[in-house]
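Here's the structure, in structure tokens; my notes come after.
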Amino acid sequence: MDRRDFLRWVGVASGASVLAGCDLNRKSEKLIPYLVPPEDGLIPGEATFVATSCTECPANCGVNARVRDARPVKLEGLAGHPVNDGALCIRGQAGLNHLYSVDRIRQPLMKDAAGTLAPATWEQALPRIASAIEAGGEHALLSGRTSGSLAALMDEFSARTGVRRLPEFELFSYAAVREANRALFGVAVVPSLSPDDADLVVTVGADVLETYGNPVAFSRALARRRDKGGRFAWYHVEPHASLTGFKASHRLVARPGTEAHVLSFLLHYVANHRPLDARTAAHVSRVPVVTAERASEITGIARESLDHMAEALARASNPLLVAGGVSVAHDGGLDVAHLAALIQAACGMPGRTVDFARATDYSRVGSMADMDRLAQRLEAGRVGMLMLFRVDPVARMSDERFAKALGRAAFLVGVGDMMNATLERCDVVLPLSHAMESWGDAEPVAGVLNVVQPAMTPLFDTLSDGDVLLRIMAEAGAAPQTSYQQYVADRWAREYGPGAGDLVKKGYVDRGATAGAPALREADHRFGFNAAAPAGGPVLVVAPSLRWYDGRGESLELLREIPDPLSTVTWDAWVSVGSETAASLGVRDEDELELRAGGWAARLPVRRQPGLARDVFMVQRGVVAVPAGWSRVSGEGSALVADLTVQPTGRRVRTTIVSGSFTEDGRGAVPGRHPAHFGPLAGMTHGGGEAVHGSREDVSFYPAPNYPKYRWAMAIDMDKCTGCSACIVACSVENNVPMSGREQHLRGREMQWIRIEPYYAPDGSAADFVPTMCQHCDYAPCEPVCPVYATYHNDEGLNAQVYNRCVGTRYCGNNCPYKQRRFNFFDFRERRHPLTLMVNPDVSQRGKGVMEKCTFCVQRIRKARDVAKDEKRDIREGDVTTACAQSCPGNAIVFGNLLDENSQVYQWAHDPRSTRLLEELGTSPAVFYLKKGNGHDA
Amino acid sequence: MDFLSQHIIPPTATHLQLLEFLAVVTYTIHLPYIALVIGSAAVAMWLTFSDHEMPNPLFARLAGDLIGIGLGSGLPMLVLGVLPMMVLPFIYGQWFVGAPHFPLKYIVLPIPGVILGLALLGLYRRSFRGRAARFHLHMALGTGGLLVLMGSYFALMSAIIRLQDPEKWFRLKNVVILLLNWNVIWKFLLFVHLGFALTGAAILFFVLRWRGRESVTDAEYAAFARRFGAGLGLAFCFAVPVFNLFYVFTSPDVVFDSTVYLLGAAVTVLTMIIAYAFVAALRSGQPRFGATTFSLFILVFVLSSTFDVRSMANANREHARLIETKAESERLEREAEIEAAMAASAGRNLGEETFNGVCMQCHRMNDRLVGPPLATVLTKYANNVDGLQNFVLNPVKINPEYPPMPNPGLSSARAKAVAEYLLGQMAAPADGAQPEAQTPTPTEVQSGQKSH
Amino acid sequence: MTHKTAPVPAAAGHPASEARLQIERDVISAMQKPGLAYWALVGFCAMVFVVCLLGAWAWQIYKGIGVGGQQNPVGWGIYIVNFVFWVGIAHSGTLISAVLFLFRSKFRASFNRAAEAMTVIAVMCAGMYPLIHLGRAWYFFWLLPYPNQRLLWTNFKSPLEWDVFAVSTYLTISVVFFYVGLIPDFAIVKRYTKGFSRHVYSALSLGWVGSKRQWRNYNMLYALLAGFAAPLVLSVHSVVSWDFAMGLVPGWHTTIFAPYFVAGAIFSGCAMVLTLCIPMRKIQKLERVMPIDHFEKLAKTMLFTSMIVGYAYIVEFLLAYYSGNVYEFGIFADRATGHYKYQYWGMVFCNMIVPLPLFIKRLRRSLAYLFITSIFVNIGMWLERFVIIITSLSKEFVPYAWGTYRPQPVEISITIGTFAFFFMMFLLFAKFLPVVAITEKKEEVH
Amino acid sequence: MARRVISAAIFGYFALFAVLILLLGFRWHTHRKAPDQPIAFSHEIHVGKLNLQCLFCHEDADKAMTAGVPSMKKCMDCHVAVKTETAGVQQLTEYWNNKEPVPWNRVHRIRIREHVHFSHKRHVSAGVACEQCHGQLAAMPRVRQVSSLKMGWCVSCHTENNAPTDCLICHR
């Protein structure tokens, strides 16, 4: 008991203070020794790393899990991995939240007499399933996309138990693309894209920076491409508004469903300007001709931009064109895919920028057509036991009919790790371990195999996916009892022989590309796009979500906390409406709209979205449940909802819109721009665009700051930054950033230390996404105003924030021109188990009433300093990097010591493009921004 | 410090307790006196000043009496004021002999200041009679003396209170750390307020009781003195528990055990009783309760100084224990030598007994237990009794595959005996069937030592 | 406690002494045992104070400061508004008592006691708010520079730290000033009371007998204190204004703040004096000791300061325009047209328009009109602080981080609580202390 | 009447302070800095009599942030044979045989410890002797917390030895 307690007890401020005494979470009173110390010389409090694989989406990036006290505390991209090479996307970073989610299923569940799912044991659940299998009937197994050993095991499973394995279900099934490739190249695969050497990229609907293919890989490649310099241009054609579109150098907005016209125009233009082989020519001849005028008229894209694009494509020596995403997800989608494939062939992309050898294997994945067949069989009551394995068709398709049909199955077995709409309908639910808790492997692209290995013992009474199948087989007497770990080990030994050993250490194996580029084949596809002009009227585009892909993991509060980069909406559902449309409907943000289409209706608050075409409305998958119609032609789930009726309900709904303004309003909030002047001073500028470095003695009364050894600094390349928000999640997990929840977001109390500030051009034609965090200014305005020195400048240039000295005057927050300080208005530490485990022990958790902010990951700097001291040296370049920089897929962030002339950050800071935010305030920040447009965006 | 430690014999546990007792006694004599001096001098000066401002015979007379009581003649000053202080350095010097950073000098340094203060107050008393003539000199003497006394006494007190907080000793060269400390400040305030309260009691006791009622003939003065004394005492009684609480509260955690807390509480309770006595004295027309209050106050001082001494002992209990063990081991050493001699004369083999008693826990001659088999290690000590003895007395880790050999804590005599015994065993045929036959008798040992 | 009024000593024949006695009687009779209604009012205020302020504050400390409306970017809410408001109110006290004393202006005597009391109470109210406003109120003592071994010191560069000293100094001086002024009056009041209260008053009068020596020392001391206090009138509110002027928040970061705030403070202070004294004069029948023309003088002061304030409003707008600085002008444009435009125009109306009719002598002398005006001005000055603090924060440099603030129930209830506290204290003052400086009033009579 | 009131008031006043002191005492008792341990392990014997080195048992003290409580195996290395007759060792062996760790009670219970990141490693490698913070363990039959571990104490030592006093050294 010390003086503070005492004052608190006798309640000097008032009797109230007594209550404040209860805010400390006491540490344990016991000290429990090891029985036998761990063999491998594990030092308590030191992190170890486990190389495994991300399973948040089919891209399967390699992951390096940082483990503290036998518990993963942070996921990082696996350096050197052929797919993601050290980077990780927003969803991958949030994988930890998935692992520690409060919605994890904690033990097997069985429907009791009342028909509600009640906790059970494996010993009860498995025999039930076995007997169901015995019972006979057409058993079926529906799973999400599987690869590697699990796929093999499933085949084995269905072979032995007679449970028919249905085509796997993925909402983003790439059906159209695969179909086109099958028809034209004879390989039904999703090729991977490599813009490494491309001089032109044309993406049609494919949101390559968000969900299409492997966004991380694409961003990485793009970054490599930009480093090479030289001419480079990127055209993006899309019906809606996507991050990818705004990051492309030219964004062409086509009317929904009319992309085929653009492509056919392009194809013919290319055919006329490039030498073609006979077969290609033959194909081209069968494609209805579309003139520039018609294309422009149909799509609403300006004539000259079409010409420019075509010209660029014709001239390009090594172009990359890909169509996908929403552009192929409608009835005309197959045409689009075909045309794209043809253009690829015509421009000789296969084997160069479009890599069929490194294809992602979707061969087992079916399409909506298969789901439709399944629904019919269910309705016909011809399905005995249906096993739904790590898949949630009910929620993904949000299709009444299918949901009903499921009920007709004789027996439903659900296998999954988190409760969802599908599992709720099951008779038996088997809980799965998270990838961090289980053995296995995954195949991101052909020739690469990721190891999945446990970083911790399972939190709950769960089994890994493989073990579940093996246990069921054993129970059904179809196979001897064995463990999945054994199974994969054997398989690896078979496949890779002795090399399998270091497979586990390295985390992956890359056997290199096998197949070469496929040749174009004869095929006849009748193009329907020219038949009739697409119907006008309002259209709803259901876009893939950056945060939850096709909607999976929408319940992860960590992702809900992160603003969607385009709309800056965090927790709530919303509908994006173009500015014109909004004006014509007379609605503002937060006004409620009622959307109706067919049987479906939804009431959603409006969020205006600059750059969204007239009469186009946009919602995100997962955020809003829209029945997934599908194209009878390709079997692709449809992203367009036509014959939409929209009307304002007149109600206003408070919505968690984080941003205060769309435009930067002449404030110079975008790197490279500077505040506008007006009145008598109009035309004068201060600050100026040129790079400003370090000290300001010339203008400052105060002595220049003196940094003996280090001046930690950060530089961000606005060309490379894709606004993908991975850094935000990485930061949140690394620094225990509080999750304040929807209520607080409504009151403007979001806590993220980094934010992506979208600033749109007034006409919505372009946008900048500015990542901002504490700028660690040399002359930080927050420092002199703190009455208790809770924030001060240390001699490594860090703007320190000492949480337990802070009394909470919030003056620093007011005085920070960048508004980068976050205040703990309540005690945000309280979480529900097991989310309480998602804590980085190296970082203090902040209690109520204290200010916090970005620390440049000071704990990592301390760690590096510790190591350096042991080796009797200083911290060197590469010893330390921040969580955001480490995770950035675009390599857009570098961190290091500004005093070290060889450091990357020094180079960038002295780049001619280098500038800093609000330079004219004279705060001299430590965060340098390389402003947009390094010349080679033609 | 050094010159002191030369004159100090390393004390044993009982000795330490005796010292603690002595300290309490010293404080019991010393503290109330100083408190009374400070209180009465201050009050007397206030009375004299008011009398000077607006003549008031009662004030003047009471002031005179107070000076008589508090500052007495030179003798009590010497006996009660100065000498006990002189004792303190010796008491603590012995208690803390050999303790690192022990801040003895801070206990010694303020003493002259205190003496000077007392002397000045003595002069002040002398100048009381002639104050009418040289009033300002008189007051100056009083104020000066009071300030010097209180200042240096604060320093002394803080030095002593600091003994309860060894964790800060290494910082004490910084005077701010020494003096600006809540614990000490509260303690001093407690002390001073007790002083004033005690003065109140003293008025009741000495003025109205001690000299007998007859000395105070006129009822008016008696009534005044009674009301003044009781009022003064009562007023300051109320301050006591507050400062006492703060003092207890700011004491470092290491000083406490349940007794200490009880002592702290007891001080408060006792003060309450005194307060009641004062109230009674105020109410009853008669000058009563003088003796009660005064003696109770002495008791309060006993309690609070016990509090301090016990705190000091608690905070440094390891130091005490180390001294104890040191003395203990020396005793053992002496005993062992005697025992060795006796054993030798009785023809028993001390070495063998020791080996079976102590070494056998970890060692066997030929097979490995916790320690290595002796047969393997002893060879390198062949004919090197002293070497083996040294090793046994303070072992060092040699063979990595064994845990280090702990110090068996043998007396050097035993160690020697065991060394000789073992080497004797080595010399003897390995089967060790008839050790007795081989054991060298003391005389042989003597000769053997001579030989190498 | 109750007063048993002793029979007033019979007046001597001399008219002057008669008049003096008259004053004494008037003031003393104002201290008659308060009626039940009066007590009820006091009790009500006390209850509101306990429930609305202490209760709400307890809740806030328990839950966290978030129960208020503060957020990013608006970190300071109406707590700070109230703080500045009360400090402003506190000013007229020192002005009227100290400055006017030094200027030997006579009309001070009618108000100075009330004004000083108001000052003391208002500073108490103001002093509460920085604490209430803290995120971790139980660590408030970290704001005080006390020696410690943690090598932790307060940051004297921080305007908030200056506040700590400004306010505490101001409180000390005004309390001492208030008390010293009361000493002779206590001695008088003592003569009129009996029983326990007599003991209290005599103790408070520190044995004042009105001897020559006492008066000599007294006048010396009083003049000295007045000398100390006078500069505070300027310094304290300048310091408070620097809380804002020192920040680089557009709308705060301007050099005119100090004079602007001081003028505003005096303005609001005079208004509050009127608000309090007009009813007091009526209720306690002090017409004789508080003549109208003294009120008129006060009204003139108010009018004058109102024009200074109005001038400031216009100037800062023009400054913002001439700066050509988009942030600066953005704020002012937003004040006039944005989310908080009603507060802004309300402020302009109350502080610039409403006082103007005071140019007319008849209105200046009509207490009813003055009362209404003063109420408006109080509201207006509160709004002024609201506008300055909240609008500036809500639209700062980075557009992404713009946000709007809305006071929450807890904040409002605490605000109400302080007003209750203020009135409770003032009501007690009006009954237990002589509300007019008797001795000074007597001096007026020759 | 008034007399009763007054004497009652006096009693209340003093009683209040007495009770407060006893409350302090109670709190001290509940958060004792020298808690009873499940096994009466004596540092006095192991460090004082047998003078074992601290690092022999607390082997991580110079490698890790935490000094670490020694593993049961470490105890059993010796006590499989040594002093097996004593009650304490028998208790220990019982724990060992049931393969359960001894639930030692923390001696150093630091409040708001999540704000301070203290590294034993750095201090040991800087040559700070264990006694300097943990006291004369050689004379502690039962370990107690001798240092307050308050910030003032840390900082004064840091300044004394020119160790860094940047807040970020300990607070993150």
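Keep in mind that the numbers below use all heavy atoms, side chains included, and drop hydrogens, waters and symmetry copies.
- Taking chain D as the reference chain and counting heavy-atom pairs below 4.5 Å, the highest number among B/Asp257, B/Val279, B/Leu262 is found for B/Asp257.
- For the pair B/Ala265 and D/Leu22, the tightest heavy-atom approach, listed with the atom from each and the gap, is CB-CD2, 3.9 Å.
- For a residue to count as touching a neighbouring chain, one of its non-hydrogen atoms must lie under 4.5 Å from one of that chain's; by this rule B/Phe256 touches chain D with backbone and side chain alike.
- Contact annotation for D/Phe26: neither backbone nor side-chain heavy atoms come within less than 4.5 Å of a heavy atom of chain B.
- We find the CD1-CZ distance between B/Ile274 and D/Phe14 to be 8.5 Å, quoted to the nearest 0.5 Å.
- You'll find the side chain of B/Val242 reaches within 4.5 Å of the side chain of D/Tyr13, heavy atoms only.
- The CZ atom of D/Phe17 sits 10.0 Å away from the CZ atom of B/Phe243 when rounded to the nearest 0.5 Å.
- The closest side-chain heavy-atom distance from B/His319 to D/Gln136 is not below 4.5 Å.
- Between B/Val248 and D/Leu20, every side-chain heavy-atom pair lies at or beyond the 4.5 Å cut-off.
- Using a distance-only test at 3.5 Å, with no hydrogens or angles considered, a donor-acceptor pair links the side chain of B/Glu167 to the main chain of D/Ser148.
- Heavy atoms closer than 4.5 Å to chain B are found nowhere in D/Gln53, neither backbone nor side chain.
- Of the two parts of B/Val254, the backbone and the side chain both hold a non-hydrogen atom closer than 4.5 Å to a non-hydrogen atom of chain D.
- Annotation: the span from D/Gln132 atom CD to B/Phe170 atom CZ amounts to 7.0 Å, rounded to 0.5 Å.
- Distance check, rounded to the nearest 0.5 Å: CG of B/Asp253 to CZ of D/Arg144 gives 9.5 Å.
- With a 4.5 angstrom heavy-atom cutoff, B/Thr271 touches chain D via backbone and side-chain atoms both.
- Counting heavy atoms from C-beta on, the side chains of D/Ile10 and B/Phe238 come closer than 4.5 Å.
- Neither the backbone nor the side chain of D/Thr84 has a heavy atom closer than 4.5 Å to any heavy atom of chain B.
- If you measure heavy-atom distances from B/Pro252 to chain D, you find no contacts under 4.5 Å at all.
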Apply the test side chain to side chain contact (heavy atoms under 4.5 Å, CB included) to residues D/Ile21 and B/Tyr247: give CA-CA distance (whole Å), side-chain angles for both, the deciding distance (0.1 Å), then the verdict. CA-CA 10 Å; D/Ile21 288 186; B/Tyr247 173 55; over 6 Å; no
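- Looking at B/Ala320, there are no atoms closer than 4.5 Å to chain D (heavy atoms on both sides), in backbone or side chain.
- Shortest non-hydrogen contact noted between D/Ala139 and B/Arg321 is O-CD, 3.2 Å.
- Both the backbone and the side chain of D/Cys157 come within less than 4.5 Å of a heavy atom of chain B.
- Inter-residue side-chain proximity for D/Thr159 and B/Arg171 is flagged as met; some heavy-atom pair is nearer than 4.5 Å.
- Other residues, nucleotides and ligands contribute more than 12 heavy atoms inside 6.0 Å of the CD atom of D/Gln90.
- A 6.0 Å sphere centred on CZ of B/Arg227 holds no more than 12 heavy atoms belonging to other residues, nucleotides or ligands.
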